[in-house]
Amino acid sequence: MITVTLPDGTPLQLEDGANGHAAAAAIGPGLAKAALAVNVDGEIRDLARPLPDGADIAIVTSKSGGDYLYVLRHTAAHVLAEAVQELFPGTRFGFGPPIEDGFYYDFELPRALSEEDFPAIEAAMRTIAKNRAALERSVLDIDSAREFFAARDQGYKVDQVEFLAGRGETDVSLYQQDGFIDLCQGPHLHDTGGIGAFKLLSVAGAYWRGESTNPMLTRLYATAFPTQTELDAYLERVELAKARDHRRLGRDLELFHFDDAGPGFPFYLPKGMIIVNEIQGAVRQELDRLGYQEIRTPMILSEDLWKSSGHWDHYHENMYFTQVDEQGFAVKPMNCPGACLVFRSRRRSYRELPLRLAEFGHVHRHELSGVLHGLFRVRAFTQDDAHIFCRLDQVHDEVRTVLEFIDRFYGRFGFNQVKTKLSTRPAKAAGTAEMWDRAEAALAQALEGRDYELNPGDGAFYGPKIDFQVTDSMGRAWQLGTCQLDFSMPEAFELTYTSETDTEERPVIIHRAILGSIERFLGILIEDTGGDFPFWLAPEQVRVVPVADRHREYADEVRDLLRAEGLRADTDSRAESMGRRIRDGELHKVPYLLIVGDREVESRTASVRARHGDEIGDLPLIEIAAALLARDIVGAVG
RNA sequence: GCCGAAGUAGCUCAGCUGGUAGAGCAGCCGCCUUGUAAGCGGCAGGUCAGGGGUUCGAGUCCCCUCUUCGGCUCCA
């Protein structure tokens, strides 16, 4: 007998080898009929698969929300594949899984597809759905499956059968509807009629198994929902997200610029620079509090340096090179070697440790042209970097302090959900196994008492790392900070300090960044806020709008008063209607507009309007600056 | 880098099967003097991404390059 646990916590006893069908039947005949799949410890499986002893299970039906969507989209992917098979005979099939917001299917097609082909494919899918073809599951042993797909010239399926065989599978399942039969684990709907409302979204290239050495397949992205209403709501959400696209807002709000003269190299415009300076100012405040010292190291350094640091071997394809006086130089892709040279610039005593050297380091990395993406993926960016030189026994406290830094700092930008990941030794690693063991153990120890995920093999080439992720207002996760331990570079640069007993000892380095890249952080911030920056970051915090020309002088006086209080204020005295100037203020997302006319001049006040038309009312001039700052502190600024 | 798509005024986009570019917004100049999201009129603005080709003639067709967009891969 095996025991599984149902969602309400009740245990269910079943025969050994019992599957989802049996579990559903044991609960009730109604459920047995409605059952589509079973969620086993978070994984959605076919009902025909035996359940493992001790699992948490939930029977998936059309009422199961996300799990149901998964099954529906998986089936929709098969319908898409069938449609493509009909329209393009000779197509070879890759993978076609459900994903976050929909599903895709990879094909090797006789000709290139474009969006112009979508209507025909969608029409074919609709016909298939209307026919309500049943999806029938069958099982083949590995050898028969290999033969089966080889006979149909489905090389990618053969490849996958081989892969499964290599994993020790003896049988594989297939699903068939109409004339389309696919190697597939399932689960699926009963028939193609249930796939609801669907839409093809885009066509893209994708390497087979994601390996750039493999052939490039054509990937069709699509989505499906039970009803048209839900599909429409999704499409609307996508449109809304587009309006928040930082590339668009960056241009509209005049924050930054990209030019053909420098692909991937951002230009900061005056308003963007204000935000960057505010962000860096906030970081500097914390640096001071935590005993960091700020440095700046050169942009271009000798090739020899990069050879000894290991970057030449491990990072070459991402670096830029140049000649100076017939000597080879490289543009820095990281700041660590520079920081090491600062450490080495004179003898160091144990009394100086931990030596915390911070740098807003502007680094250049040669990224593949196809990956550039606004501020999210650029070829030059500024890291809020720091290198902490310390003794091994100081690592624990230093890492704890970094954790604390991160916890308090992200909140200032409204990111309150922080996920932590520990990444260990990658395949391509510098240094000895013993170094790695010690480094990994030290980080794991510092993380004690904190929730974190393990990310094996994802460390930097010089050491393991802790990464920090936040979730934005649209539910998207972003990697920001990182904290990496390095025994390798101190060795490479032969860094030493003089100990209490007058011996020369080797320090370890903690590399850490809180925001990661200022560029990318700004991009995230733009999309998170939709351009409605918190008051302290807004490039223009207050705009004074005089009702008529005769109020201009007073408006200037109000502006000057606010500036004297340290606020970024302007007046808009253009010969435009007031409605127009208020609208412009809104479009530029100025947090506060102060309207001043006869009444305000008379009473020495201003009528305060917050973004999005929120009326605050009349405030006396002398109170405005304090009032606005106070609102910001309680987070009232939308 | 690879696959696919696109590139027309600062922005958003028209420009049919080749016959020498057009709108709205923004900008500039006037008028209006205004009470919480677009007042009115005028003017100016493009080597149609760049280069080559086909043609009597190319924004439109072909080739190459660049850039951008959507992905793959990679990462801050």
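Computed from heavy atoms alone, side chains included, the values below leave out hydrogens, waters and symmetry copies. Note on naming: letters A, B, ... go to the chains in the order of the sequence lines (proteins, then strands), and numbering restarts at 1 for each one.
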Base [N] paired with [X] side chain (donor-acceptor, <3.5 Å):
| X | N | answer |
| --- | --- | --- |
| A:Arg609 | B:rA37 | yes |
| A:Tyr207 | B:rG1 | yes |
| A:Ser607 | B:rU36 | yes |
| A:Glu600 | B:rG35 | yes |
| A:Arg377 | B:rC74 | yes |
| A:Glu586 | B:rA38 | no |
| A:Arg583 | B:rA38 | yes |

[M] and [N], which share atom name [atom1], separated by this distance in whole Å:
| N | M | atom1 | result |
| --- | --- | --- | --- |
| B:rG15 | B:rG52 | P | 28 Å |
| B:rG59 | B:rU47 | P | 13 Å |
| B:rC29 | B:rG45 | C1' | 14 Å |
| B:rC43 | B:rU60 | C1' | 31 Å |
| B:rC11 | B:rC16 | C1' | 26 Å |
| B:rG57 | B:rA21 | C1' | 16 Å |
| B:rA6 | B:rG22 | P | 25 Å |
| B:rG18 | B:rU65 | C1' | 24 Å |

In terms of side-chain heavy atoms of [X], which of [options] is nearest?
| X | options | answer |
| --- | --- | --- |
| A:Glu615 | B:rA26, B:rU36, B:rG70 | B:rU36 |
| A:Val371 | B:rU73, B:rC75, B:rA37 | B:rU73 |
| A:Arg251 | B:rC11, B:rU36, B:rG71 | B:rC11 |
| A:Arg599 | B:rG35, B:rU67, B:rC75 | B:rG35 |
| A:Ser202 | B:rA37, B:rG4, B:rG70 | B:rG70 |
| A:Ala575 | B:rC31, B:rU73, B:rA76 | B:rC31 |
| A:Leu372 | B:rU68, B:rG35, B:rA76 | B:rU68 |
| A:Arg550 | B:rG71, B:rU33, B:rC75 | B:rU33 |
| A:Pro263 | B:rC72, B:rU68, B:rC2 | B:rU68 |

Check your understanding: Distance from A:Asp159 atom CG to A:Asn214 atom CG, nearest 0.5 Å?
Key -> 7.5 Å
What nucleic acid atoms does [X] come within less than 4.0 Å of, heavy atoms only: base, sugar-phosphate, or nothing?
| X | value |
| --- | --- |
| A:Lys465 | sugar-phosphate |
| A:Gly597 | base |
| A:Gly370 | base |
| A:Arg247 | sugar-phosphate |
| A:Val545 | nothing |
| A:Asp549 | base |

Revision key, fill the gap. On RNA chain B, more 5' by nearest nucleotide between A:Arg580 and A:His366 is A:His366
Revision key, fill the gap. Judged by nearest nucleotide, the residue sitting upstream toward the 5' end of RNA chain B, A:Asp598 or A:Asn318, is A:Asp598
So what's [N] paired with, Watson-Crick or G-U wobble, going by both distances under 3.5 Å?
| N | answer |
| --- | --- |
| B:rG7 | B:rC66 |
| B:rG57 | none |
| B:rC32 | none |
| B:rA21 | none |
| B:rC72 | B:rG1 |
| B:rA44 | none |

Within this structure, what is the [atom1]-to-[atom2] distance between [X] and [N], rounded to whole angstrom?
| X | N | atom1 | atom2 | value |
| --- | --- | --- | --- | --- |
| A:Asp584 | B:rU36 | CG | P | 16 Å |
| A:Asp260 | B:rC66 | CG | P | 12 Å |
| A:Leu375 | B:rC69 | CG | P | 11 Å |
| A:Arg574 | B:rC29 | CZ | P | 12 Å |
| A:Glu576 | B:rC28 | CD | P | 10 Å |
| A:Asp572 | B:rU34 | CG | C1' | 13 Å |
| A:Leu269 | B:rC11 | CG | C1' | 15 Å |
| A:Phe95 | B:rC72 | CZ | P | 15 Å |

Salt bridge check, [Y] against [X]: does any charged N sit closer than 4.0 Å to a carboxylate O?
| X | Y | value |
| --- | --- | --- |
| A:Glu540 | A:Lys589 | no |
| A:Asp532 | A:Arg611 | yes |
| A:Lys465 | A:Asp467 | yes |
| A:Asp584 | A:Arg581 | no |
| A:Arg356 | A:Glu294 | no |

Practice item. Establish, yes or no, whether a centroid distance under 6.0 Å links the rings of A:Tyr104 and A:Phe95. Key: no
Check the phosphate of [N] against [X], side-chain N and O only, distance under 4.0 Å to OP1 or OP2. Yes or no?
| X | N | result |
| --- | --- | --- |
| A:Thr218 | B:rC3 | no |
| A:Ser517 | B:rA76 | no |
| A:His373 | B:rU68 | no |

Check your understanding: Is a side-chain donor-acceptor pair under 3.5 Å present for A:Tyr320 with A:Arg365?
Key -> no
Review point. Parallel, tilted or perpendicular: which fits the ring planes of A:Phe107 and A:Tyr105, with parallel below 30° and perpendicular above 60°?
Key: parallel
**Study point:** side-chain hydrogen bond (donor to acceptor under 3.5 Å, both in side chains) between A:Asp472 and A:Trp478, intermediate numbers included
**Key:** CA-CA 8 Å; A:Asp472 73 9; A:Trp478 299 100; 3.0 Å; yes
Check your understanding: Do we count A:Tyr221 as stacking onto B:rG70 if the rule is ring centres under 5.5 Å and planes under 30°?
Key -> no
